[in-house]
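Report on the following structure.
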Amino acid sequence: MSEEPSERRNWTNEELDLIISDYFLMLNDEVAGIPFNKAQHNRLLRSKIDRSKSSIEFKHRNISAVLERLGLQKIKGYFPAQNFQTAIIDAIERYLVSNPAAQHPEVLLKGFSEQPQLFVGSPPTLLPVAPMRKDMERLIR
């Protein structure tokens with residue numbers, strides 16, 4: 001594959017699926033404390049898809065932006081780049097649907113031990129909640 005593709009074009013679903021899968025591999029390593037080499041991942045992706053080094057780097061930053069908006073963990077070294085194509089959202093959704101554990105990579109570290117229960121006794125009684133003001137509800141959304 002060439003270093004610098006000659007024309008600018010949208011990413012295909014196949015390309016997006018590959019780069020998102022690669023992103024989550026690196027994220028899992030980061031969460032587990034396993035060292036990884038971003039440049040090596042970039043080179044491997046370039047051998048599979050016809051994209052430049054900077055294009056792949058920027059797409060990783062786009063993935064970070066989407067994950068940040070979803071409130072999910074992202075790779076520390078890829079600062080979010082907000083101008084992303086809509087197709088990346090669908091691609092991330094495809095990945096998360098087929099890999100639900102990716103939404104919480106830190107859980108993979110806990111192993112098979114049983115988690116402690118939240119309540120030992122009966123749950124506390126709930127206080128009545130006042131309805132939310134419309135302007136506050138709009139702000140929160």
Side-chain angles (χ1 to χ4, degrees), residues 1-124 126-141:
M1 299 275 156
S2 64
E3 176 62 25
E4 294 296 327
S6 58
E7 61 186 51
R8 194 177 165 142
R9 64 196 189 288
N10 286 335
W11 285 64
T12 66
N13 284 339
E14 294 78 21
E15 290 173 323
L16 289 170
D17 290 343
L18 278 171
I19 196 166
I20 289 167
S21 178
D22 178 68
Y23 185 98
F24 278 100
L25 285 173
M26 289 189 289
L27 179 60
N28 287 338
D29 284 350
E30 182 175 89
V31 169
I34 300 169
F36 63 94
N37 185 319
K38 289 189 274 184
Q40 183 178 1
H41 280 262
N42 191 306
R43 279 190 299 278
L44 183 61
L45 279 170
R46 279 185 281 145
S47 73
K48 295 179 180 182
I49 58 178
D50 188 24
R51 297 290 175 168
S52 69
K53 179 180 179 180
S54 59
S55 178
I56 289 172
E57 193 78 13
F58 195 77
K59 193 57 69 177
H60 278 129
R61 293 182 59 212
N62 288 150
I63 296 167
S64 286
V66 173
L67 294 178
E68 181 177 72
R69 286 191 181 181
L70 292 172
L72 297 175
Q73 195 164 355
K74 62 186 186 316
I75 296 173
K76 291 182 180 100
Y78 287 121
F79 299 104
Q82 301 299 328
N83 296 330
F84 48 83
Q85 68 186 100
T86 307
I88 199 168
I89 297 169
D90 297 331
I92 289 173
E93 180 181 18
R94 279 193 305 275
Y95 185 85
L96 293 176
V97 165
S98 58
N99 301 284
Q103 295 181 45
H104 301 285
E106 70 282 359
V107 173
L108 298 174
L109 299 176
K110 293 184 181 176
F112 296 106
S113 65
E114 187 175 321
Q115 296 299 312
Q117 297 298 317
L118 182 59
F119 295 106
V120 177
S122 59
L126 298 175
L127 300 173
V129 178
M132 189 177 297
R133 293 175 29 184
K134 293 289 182 196
D135 56 346
M136 285 300 293
E137 186 177 333
R138 183 181 53 79
L139 179 63
I140 291 171
R141 284 184 191 186

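Along the sequence shown, the residues carry numbers beginning at 1. Remember, it's a predicted structure, so these values are computed and weren't measured experimentally.
Without hydrogens or angle criteria, Ser47 side chain to Leu44 main chain gives a donor-acceptor distance under 3.5 Å. A donor-acceptor pair is defined here as one N or O able to donate and one able to accept, closer than 3.5 Å; such a pair exists between the side chain of Arg61 and the backbone of Phe79. Side-chain N or O atoms of Tyr23 include none that pairs as donor or acceptor with a backbone N or O of Lys59 at under 3.5 Å. Counting only distance, with no hydrogens or angles, the side chain of Asn99 and the backbone of Ala102 share no donor-acceptor pair below 3.5 Å. Panel note: side chain Asn62, backbone Ala81; a donor-acceptor pair is recorded below 3.5 Å.
Partners of Tyr95 according to the ring-ring contact (aromatic ring centres under 6.0 Å, His included) rule, which considers only residues two or more places apart in sequence or in another chain, are Phe24. The salt bridge (Lys or Arg N to Asp or Glu O under 4.0 Å) test applied to Glu30 returns no partner, not counting sequence neighbours. Contacts of Arg94 classified as side-chain hydrogen bond (donor to acceptor under 3.5 Å, both in side chains), with partners at least two apart in sequence or in another chain: Asp17.
Gln73 contributes atom CD, which lies 11.0 Å from atom OG of Ser64 (distance to the nearest 0.5 angstrom). Taking NZ from Lys38 and CG from Asp29, the interatomic distance works out to 13.0 Å, rounded to the nearest 0.5 Å. Rounding to the nearest 0.5 Å places CZ of Phe84 at 12.5 Å from CG of Leu16. Once rounded to the nearest 0.5 Å, the distance linking CD of Glu68 with CD1 of Ile63 reads 14.0 Å. Atom-to-atom distance recorded for Ile20:CD1 and Leu27:CG is 12.5 Å, nearest 0.5 angstrom. Separation of atoms CD1 (Ile19) and NZ (Lys48) is listed at 12.0 Å; rounding is to 0.5 Å.
The two residues Val66 and Ile88 make their nearest non-hydrogen contact at CG2-CG2, 3.9 Å. For the residue pair Asn10 and Glu15, the shortest heavy atom distance occurs at O-OE1, 4.2 Å. A pairwise comparison of heavy atoms in Pro80 and Ala65 identifies CB-CA, 3.6 Å as the closest pair.
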Could you give me the CA-CA distance, side-chain angles and deciding distance for His60 and Ile75, then say whether side chain to side chain contact (heavy atoms under 4.5 Å, CB included) is met?
CA-CA 9 Å; His60 278 129; Ile75 296 173; 5.9 Å; no
Please determine whether side chain to side chain contact (heavy atoms under 4.5 Å, CB included) holds for the pair Ile49 and Trp11, giving the CA-CA distance in whole Å, both sets of side-chain angles, and the decisive distance to 0.1 Å.
CA-CA 10 Å; Ile49 58 178; Trp11 285 64; 3.6 Å; yes
Run Arg9 and Arg51 through side chain to side chain contact (heavy atoms under 4.5 Å, CB included) and show every step you take.
CA-CA 10 Å; Arg9 64 196 189 288; Arg51 297 290 175 168; 3.7 Å; yes
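Inter-residue side-chain proximity for Arg46 and Asn42 is flagged as met; some heavy-atom pair is nearer than 4.5 Å. In this structure, Asp22 and Ile56 have side chains that are not in contact, with every pair of non-hydrogen atoms separated by 4.5 Å or more.
For Gln82, the CD atom is densely surrounded, since the number of other residues' heavy atoms within 6.0 Å is greater than 12.
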